[in-house]
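See below for the structure under consideration.
Since we're looking at a predicted model, the values are computed, not measured.
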Amino acid sequence: MSAAGIVVAGAGQAGFQLAASLREGGFRDPITLVGDETALPYQRPPLSKAYLAGKTDAEGLFLRQPGFFAEHAIAHRPGIRAVAIDRAGRRLHLSDGQSLAYDHLVLATGARNRPLPVPGADFPNVRQLRGLADADALRTALGEARAIVVIGAGFIGLEFAAVAAARGLSVTVVEAADRPMARAVSPEIAQFFRSAHEAMGVRFAFGAGVTAVTGRDGRATGITLADGRELPADFILIGIGVLPNRELAAEAGLPAEDGVRVDAFLATPDPAISAIGDCVRFPSPFAHGLSPDGTVRIESVQNAIDQGRCLAARLNGKPAAYGALPWFWSDQGPHKLQIAGLSGPGDASVVRGLSPAFSVFRFRDGALSAVESVDRAADHMIARRLLAAGTRLTPEQAADPGFDLKALAMARP
């Protein structure tokens, strides 16, 4: 490469991991990280867990301390947004009016929260959780609010609800679907966590659409549901999913319908541009039957880290197709949910173990597709081995409490 080196648009988990892995692999040309947040690159998952609960501070979230970037010659440009790509000239234009030349550009632009399109959603005590500033606002709310409404029963909404309930606050979770985490987990896991949250004092309103956020004197005082019900609140969290930050790629003429499209090597059709992380739609061996073309978009730390490492290896001259097993986790109150693999709404379920510590093995077309474990870390680790190796497990074996899953996972192929 020339002196321009690699420019990374996005300084989150994926962008940082790419830069760190490039240096670990011996890359010597310039690396520049451009990020729109002013903080050093940091972990996002603890924002809705340990950070909200006061178990860590902002410095404890940093992926590395300031000295790391100077020591490894990684130029970090905080508080600056990438606004346009000049593909012909190989330059990235920035929000401060400057531009950066690149030999290779990596899009790690992440995702943003999906907005709630109703009147009143812009009141100051209506928030979403994506970054440190949002988490700080939520920490303040936990110390001041008495009645909280959470719109959306996904991971973020439920994690926040658990923290708020543990503080003795009144919490109501409103969800358009008929159960929590409907798009992410089996009905069995959803029912368990519904009951667990209700035991913590959380109330649910399922099948409920929000038509307005009501307010007085410039602050939200509650929400109105489609059926006419009104729920009072002095703080409201919106957690209804995310949208990929695909616009930079799309405006540059790259395919980016639902995420930036890349091939198995995380490359776009432009040989000088790759993409990784939450913004990417990519082919996965674990997405069979989930989409017509076998591609998927995943929002997870695991995916961001593994894609950063995979792309770094290619840019260091050691290309390999990306095929990492997806896995996820969520801490909700006293319970830890761990998921390995990707399940679909039509997948069959086999329950192994007894509540409150059990696993649900999901099967698609007779083959193991995912395993969802509640407080059974050993099952989760075994599931990761089975799925990554493509080891055959039948529903009958999964249902048999005497069947030795560990022996199967450890067996040589």
Side-chain angles (χ1 to χ4, degrees), residues 1-44 58-87 89-110 131-132 245 248-249 252 260 262 265-268 270-280 301-320 322:
M1 290 189 179
S2 74
I6 293 175
V7 173
V8 186
Q13 186 85 59
F16 168 80
Q17 185 63 58
L18 170 73
S21 295
L22 280 168
R23 290 294 188 234
E24 289 171 8
F27 188 81
R28 295 187 176 183
D29 288 337
I31 301 173
T32 303
L33 274 177
V34 177
D36 58 2
E37 293 192 74
T38 57
L40 289 169
Y42 62 89
Q43 307 171 69
R44 293 188 189 277
E59 188 172 343
L61 300 177
F62 293 156
L63 292 168
R64 294 292 189 278
Q65 296 303 311
F68 173 88
F69 297 88
E71 180 183 347
H72 292 82
I74 298 171
H76 178 218
R77 300 283 297 273
I80 298 173
R81 186 168 51 89
V83 297
I85 303 169
D86 175 4
R87 290 171 55 189
R90 291 196 178 182
R91 298 194 73 86
L92 180 68
H93 295 278
L94 307 177
S95 58
D96 64 356
Q98 300 184 37
S99 65
L100 296 172
Y102 64 83
D103 294 311
H104 199 91
L105 174 65
V106 179
L107 303 179
T109 49
L132 264 172
N245 291 325
L248 186 66
V260 184
V262 295
F265 294 86
L266 306 173
T268 74
D270 185 328
I273 302 178
S274 300
I276 55 175
D278 291 5
C279 70
V280 167
V301 170
Q302 166 274 319
N303 185 61
I305 291 173
D306 286 342
Q307 287 191 344
R309 289 171 173 164
C310 180
L311 179 56
R314 171 161 70 82
L315 295 175
N316 272 324
K318 299 178 181 178
Y322 180 70

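- Checked by atom type, the side-chain pair Glu37/Tyr42 shows a donor-acceptor distance below 3.5 Å.
- In this structure, the separation between OG1 on Thr32 and CG on Leu92 is 10.0 Å, given to the nearest 0.5 Å.
- Put simply, the side chain of Asp103 does not reach to within 4.5 Å of the side chain of Asp29, judged on heavy atoms.
- To the nearest 0.5 Å, atoms CZ (Arg90) and CG (Leu100) are separated by 15.0 Å.
- Side-chain N or O atoms of Thr38 include none that pairs as donor or acceptor with a backbone N or O of Pro78 at under 3.5 Å.
- A distance-only check finds a donor-acceptor pair linking the side chain of Arg23 to the backbone of His72 [under 3.5 Å].
- A distance of 14.0 Å separates CZ in Arg314 from OH in Tyr322, rounded to the nearest 0.5 Å.
- Between atom CZ of residue Phe265 and atom OG of residue Ser274 there is a gap of 11.5 Å, rounded to the nearest 0.5 Å.
- Residues Ser99 and Arg91 have side chains that bring a donor and an acceptor to within less than 3.5 angstrom of each other.
- Contact check for Arg44 versus Gln13: no side-chain heavy atoms found under the 4.5 Å cut-off.
- The closest side-chain heavy-atom distance from Val260 to Thr268 is below 4.5 Å.
- Between His104 and Pro271, the shortest heavy-atom contact is CE1-O, 3.3 Å.
- From Asp278, atom CG reaches atom CG of Asn303 across 7.5 Å, with rounding to the nearest 0.5 Å.
- Checked for salt-bridge contact, Arg77 and Asp96 meet the test: a charged N lies under 4.0 Å from a carboxylate O.
- Using a 4.5 Å heavy-atom threshold, the side chains of Tyr102 and Ile85 count as touching.
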Test side-chain contact (heavy atoms from CB on, under 4.5 Å) applied to Ile6 and Leu22, step by step
CA-CA 10 Å; Ile6 293 175; Leu22 280 168; 3.7 Å; yes

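- If you look at Phe62 and Phe68, their ring centroids are not closer than 6.0 Å.
- Side-chain atoms of Arg309 do not come within 3.5 Å of backbone N or O of Ser21 as any donor-acceptor pair.
- With hydrogens and angles ignored, the 3.5 Å screen pairs a side-chain donor or acceptor of Gln307 with a backbone N or O of Gly277.
- Once rounded to the nearest 0.5 Å, the distance linking NE2 of His76 with CZ of Arg64 reads 14.0 Å.
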